[in-house]
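Single-structure report; data block below.
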Amino acid sequence: MTPEPERLSYWALVRQQFAKNRPAVLGLWCGVGLFGLAIGAPLLALDQPFLWSEGQGVSSPLLAALFNRLLFENGVDIFFNLLLVLTPAYAAALWLLRRGGRLTLRATSLLIGLHLALTAAVIPQTWFGAPNPFHHEAPIVDYRVLEAQRIRAGEPVTAVFPPRRIHYRETDPERSVRPPGPQFLLGTDLEGRDVFVRMLYGTRISLTIGVVAVAIYVWIGIVLGALAGYFGGWVDVAISRLIEVMICIPSFFLILTLVALVQDRSIFHVMVIIGVTSWTGVARLVRAEFLQQRELEYALAARALGLPRWRVIFRHLLPNALGPVLVSATFGVASAIITESSLAFLGLGDLSVPSWGETLNAGRLEMKPWLIFAPGLAIFFVVSVFNLVGEGLRDALDPQMRT
Amino acid sequence: MRQGGWFQALLAAVLVSNTALLLVLVLQQHNREQRAIRQSAQFRELAEGTDRVRGELRKLNRAIGAGDLSGLAGGDGDQVASTRTWLHPDLPNFLAKNDFDEIPPDAENTNGTLTLFFSRSDPKGFNGMVENAADLSELESYVSDSIAGRMSFTDPDRWHGILAERVEVTDEGQTYTIYLKRGVKWHKPSGVDLSDPRYAWLDRDHEVTAHDFAFFFQMLKDPQVQNGFAKSYYQDLESWEVVDDHTLVVRWSKKVYLALSSTLGIGPLPEFLYAHDEEGNRFPDETLGLNFNQHWYNSKGIVGCGPYRFASYSPGERIVLERFEDYHGELPAIQRIVWEIVGDQNVQFLKLRSGHHDFGYLQPSEYRDLVQPYLDDPSKPLPDDNPFVGEAMGSARKLTPGYFYLGWNADKPTFADKRVRQAMTHAFDRARMVEHIFAGLGQVTESPYVPGSPYNAPELEPWPYDLDRARALLAEAGWTDSNGDGLVDREGQPFEFTLLIYASSKEMDSLANIFKEDLLKVGVRMKIDKAEWSLMQKRMEEREFDAFTGGWATSWDVDLFQIWHSTQADLPKGSNMVGFRNAEADEIIEKLRVTFDLSERHELARRFHRIVHDEQPYTFFYVRERYYTWWDKVRRVVFPKTRPLVRASSWWVQSEV
């Protein structure tokens with residue numbers, strides 16, 4: 001039995017509409033696949049074995065290595081590694097918390113919040129001065145060498161490695177700038193690092209950059225836009241002028257300036273800088289929506305009920321103004337990825353992360369096709385995926401496009 | 001439909017007439033081209049004829065008397081002596097005759113243009129007295145002349161006269177009496193419109209006199225003038241005296257080895273320009289130094305008296321030098337030198353490959369891809385699109401006098417221990433980096449001297465890449481992994497530091513990345529901080545760093561004072577940024593400054609080398625080798641033994657065919 005169209009909720013309608021857009025659905029699945037790759041990268045390429053056994057006893061060095069801060073020094077990797085380990089738990093939780101066979105938004109946001117809190121707890125070296133008990137550092141053992149030694153010595157050894165036994169940071173001047181081949185699928189860069197593995201882990205960087213930067217600016221934009229649109233008057237005048245001042249400055253130059261000012265910059269600085277400079281579009285969208293919504297009867301009713309202002313703004317008006325923001329955020333992910341790549345391309349990125357832009361920059365200087373095409377196509381692919389999803393969402397949200 | 005037919009007929013008519021017109025045009029154009037080709041052939045013949053005459057004239061000139069016209073005679077310049085009186089007539093002339101033809105004697109063309117790469121960015125200013133930049137001093141070597149020059153191509157320890165015809169050295173090298181040539185002219189300033197009445201005061205000829213040297217010394221010593229880098233070399237300068245317009249006496253308070261090159265190497269400063277404001281009014285004496293720092297002409301160009309005049313400057317594009325036809329010496333064969341400012345490395349390469357630049361050098365990656373494979377395997381067929389191998393271009397590999405290093409801040413507790421610094425050197429895979437990252441274009445170095453120079457202690461070898469040794473040294477210094485976290489620690493503090501690198505080249509990033517991974521293997525965590533040049537300089541001056549990558553250019557005379565003497569460690573903006581303080585080294589450095597005997601100097605320098613080798617205040621990295629290459633039309637490319645290595649005034653350029 002198919003439900004009658006008029007009984008569908010707004011979001012169910014949007015979902016149905018979206019499902020009709022084949023490219024958008026494909027894009028969505030590709031996006032999910034990319035997240036899967038980002039999470040599972042260590043299962044595909046790492047210099048630590050899943051299973052290690054010499055004589056008696058079996059250990060899993062890979063599992064411990066996932067949280068070794070000498071191997072994975074940046075927070076993005078820790079975030080994804082934690083996600084990799086906790087994925088079964090999260091899946092179970094979602095299944096338990098499902099309602100009517102569907103995942104609920106609340107359960108999902110709860111888990112996302114939980115994971116962010118966990119990551120934030122694991123990453124810092126100290127907690128308010130005291131050493132962080134979750135901060136794990138351990139000597140790095142090269143099990144590949146160890147395995148070879150054992151075999152040479154004729155001792156029994158069992159090791160199950162990921163398909164690519166190499167870490168994305170592993171350098172070796174002797175294999176500098178090798179073309180693609182069976183040993184290095186996409187060749188090596190100037191430091192002799194495996195480009196394929198760097199691309200793989202670079203997915204994590206790009207997706208994080210996109211999502212975090214957009215999350216930052218969507219929040220700023222929503223709050224400022226909602227305030228301006230709801231209150232009007234001098235609040236609106238002040239915020240609108242602020243927006244106008246911000247859009248006068250070419251945003252990439254603003255970003256360049258801010259990035260140059262930050263000493264000792266990490267990838268998180270780059271995310272924050274992209275976030276705090278790109279909120280104007282969202283703010284204007286939300287402001288326009290609020291100007292319209294606040295005059296409608298339901299808003300009047302909410303006010304007449306004597307609800308506090310924040311509740312009227314964020315619980316009643318905001319959900320109705322969110323559609324255009326979602327579309328703009330999806331496109332924003334793509335543009336944030338490009339911005340980060342441009343910064344890395346200009347040599348202003350974080351040297352410790354395997355950013356695609358950084359490899360592209362190396363390719364430009366070395367004039368090597370594999371160093372240019374691999375990251376170039378990766379950026380193109382991710383950006384296309386997000387744009388496809390964004391377009392699908394835009395069409396699904398547009399009542400006039402509904403079929 | 002009738003209308004349609006009429007329209008088609010019109011179209012056809014227009015088409016036919018257009019075709020006819022086109023034909024006529026083509027024919028006309030053809031005729032014109034024919035005429036132009038004929039004319040250009042005639043012109044070429046004419047030009048070749050002129051060139052031949054010019055070449056003959058030059059040969060004649062040389063034949064008449066090499067010394068008299070160019071002033072290069074000295075040791076045997078008795079004819080000259082008759083016209084002037086010497087203060088110490090019994091002394092021999094210190095200057096010798098240049099035994100190398102710096103001007104090509106057999107140039108077949110004397111009006112060629114040479115185009116080459118200058119720099120990635122515009123110079124901050126053109127006043128060499130207040131700006132210290134390698135590219136600027138290269139430019140100055142064409143535009144400005146000095147009292148005398150080293151015989152750079154043959155024996156750089158000997159000097160030949162340029163602006164001076166005779167120099168008398170008295171008081172054991174403390175007093176220099178310099179007799180300047182007469183009739184040497186300053187260039188007219190460029191960059192201003194001399195026909196404008198406002199600049200009329202500049203539009204006349206000025207002669208170079210001893211007063212211009214006095215003005216140089218005055219500015220050098222003026223405390224208002226911001227030239228700390230230069231002042232350190234003239235600490236012991238006592239006085240200068242203008243005897244007459246063409247005679248100058250320079251006195252040093254101590255007998256120092258550097259006095260010779262510091263005296264003979266100076267060039268005059270045009271007082272008629274720098275002592276005046278834009279309207280031609282003289283600055284008051286009290287603020288002359290301040291005004292000199294900010295002089296209105298600093299951003300416009302250089303006024304010199306050398307073989308080339310600074311003809312024009314287009315910011316971000318090029319600097320053009322033109323031969324100064326009123327030059328006092330022999331005229332070089334190349335008429336115009338175009339120095340291009342190219343911001344991008346790839347554009348620089350393309351300009352060289354396409355022949356837009358006549359001379360240039362290849363980056364390590366370009367050398368590795370385009371040249372090395374054909375050297376490794378001579379039987380490999382030469383491709384058509386690669387001019388860098390084969391007959392079309394000449395080439396030479398030259399070590400550039402200077403070295404790169406990692407400096408350790410000895411004032412930080414981490415690097416105060418020499419064993420730690422030695423461990424760092426052992427963990428730095430220098431040999432393989434030079435071979436693979438820099439494509440073999442360089443030599444690993446272990447000393448502050450030129451490789452192969454007699455100043456090096458012959459028995460010392462670079463510390464090898466040896467991680468086990470590095471671990472052992474760290475352990476000796478108290479750095480062990482006591483808590484099993486993979487990082488060595490001492491008193492509860494893990495070994496972490498930040499390497500400051502200049503955001504210049506991909507190669508520097510690479511070596512920092514590789515070093516970082518190697519250090520992690522010995523339990524040291526290194527962070528990389530990439531900084532812009534101005535920020536980096538600021539942090540070095542304020543000593544706010546753990547370690548940094550740097551480079552020094554070395555000059556022919558070994559003087560270790562600026563970089564290694566302990567007094568320079570506490571000086572603001574001093575060059576001893578790593579805080580190297582060693583009493584024995586100080587003693588050697590001071591002694592070296594007053595030692596003239598070469599073998600004694602070598603022995604002192606070797607002693608210093610042994611100290612530096614053991615102390616490792618720097619991890620010396622490598623001496624860069626440049627793969628210079630030039631299109632065949634550039635002829636007689638010769639390289640001197642001293643900086644700058646590129647001296648186009650000794651080359652000539654074939655005329656375009």
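Chain letters run A, B, ... following the sequence lines, proteins first, then strands; residues in each count from 1. Source: prediction; values computed, not measured. The basis for the numbers below is simple: all heavy atoms, side chains too, and nothing from hydrogens, waters or symmetry mates.
Looking at B/Lys516 and A/Glu191, no side-chain N of the basic residue comes within less than 4.0 Å of a carboxylate O on the acidic one, giving no salt bridge. A salt bridge is absent between A/Arg193 and B/Glu517: the closest approach of a Lys/Arg side-chain nitrogen to an acidic carboxylate oxygen does not fall below 4.0 angstrom.
More than 12 heavy atoms of other residues, nucleotides or ligands lie within 6.0 Å of CZ in A/Phe252, so this atom counts as buried by the packing criterion. Counted within 6.0 Å of OH on B/Tyr465, heavy atoms from surrounding residues, nucleotides or ligands total more than 12; the atom is thus considered enclosed. Counting heavy-atom neighbours within 6.0 Å of A/Gln183 CD, excluding the residue itself, gives a total of 12 or less. For B/Lys527, the NZ atom sits in a loose shell: 12 or fewer heavy atoms of surrounding residues, nucleotides or ligands are nearer than 6.0 Å. Counting heavy-atom neighbours within 6.0 Å of B/Asp384 CG, excluding the residue itself, gives a total of 12 or less. For B/Arg353, the CZ atom is loosely surrounded, since the number of other residues' heavy atoms within 6.0 Å does not exceed 12.
Residue contact with chain A, scored on non-hydrogen atoms closer than 4.5 Å, involves the backbone and the side chain of B/Asn513 alike. Proximity to chain A is absent for every atom of B/Gln363, based on heavy atoms less than 4.5 angstrom apart. Both the backbone and the side chain of A/Leu365 come within less than 4.5 Å of a heavy atom of chain B. With a 4.5 angstrom heavy-atom cutoff, B/Asn483 does not touch chain A via any of its atoms. Proximity to chain A (any heavy atom under 4.5 Å) is shown, for B/Asp518, by neither the backbone nor the side chain.
Nearest heavy-atom pair, B/Gly484 versus A/Pro139, reported as atom, atom and distance to 0.1 Å: O-CD, 3.2 Å. In terms of heavy atoms, A/Ser176 sits closest to B/His436 at OG-O, 4.0 Å. Residues A/Leu190 and B/Ile437 approach most closely at O-CD1, 3.1 Å, considering heavy atoms. Minimum heavy-atom separation, A/Arg69 to B/Arg525: O-NH1, 3.9 Å.
Highest contact tally toward chain A, considering only B/Ala512, B/Ser365, B/Gly523, B/Ser510, is held by B/Ser510 [criterion: heavy-atom pairs under 4.5 Å]. With chain B as partner, the option from A/Leu348, A/Val177, A/Asp189, A/Ile140 having the largest number of non-hydrogen pairs under 4.5 angstrom is A/Val177.
With rounding to the nearest 0.5 angstrom, the CG atom of B/Leu520 is 8.0 Å from the CD atom of A/Glu73. Note that CD1 of B/Ile528 and CG of A/Asp350 are 9.5 Å apart. Values are rounded to the nearest 0.5 Å.
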Report task. Please lay out, stage by stage, how A/Asp172 and B/Arg432 fare under the test salt bridge (Lys or Arg N to Asp or Glu O under 4.0 Å). Result -> CA-CA 9 Å; A/Asp172 183 356; B/Arg432 289 200 306 164; 3.4 Å; yes
Query - Check against side-chain contact (heavy atoms from CB on, under 4.5 Å), B/Glu366 and A/Glu366 - result: CA-CA 8 Å; B/Glu366 293 151 7; A/Glu366 294 296 308; over 6 Å; no
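Judged by distance alone, the side chain of B/Asn346 and the main-chain N or O of A/Arg364 form a donor-acceptor pair under 3.5 Å.
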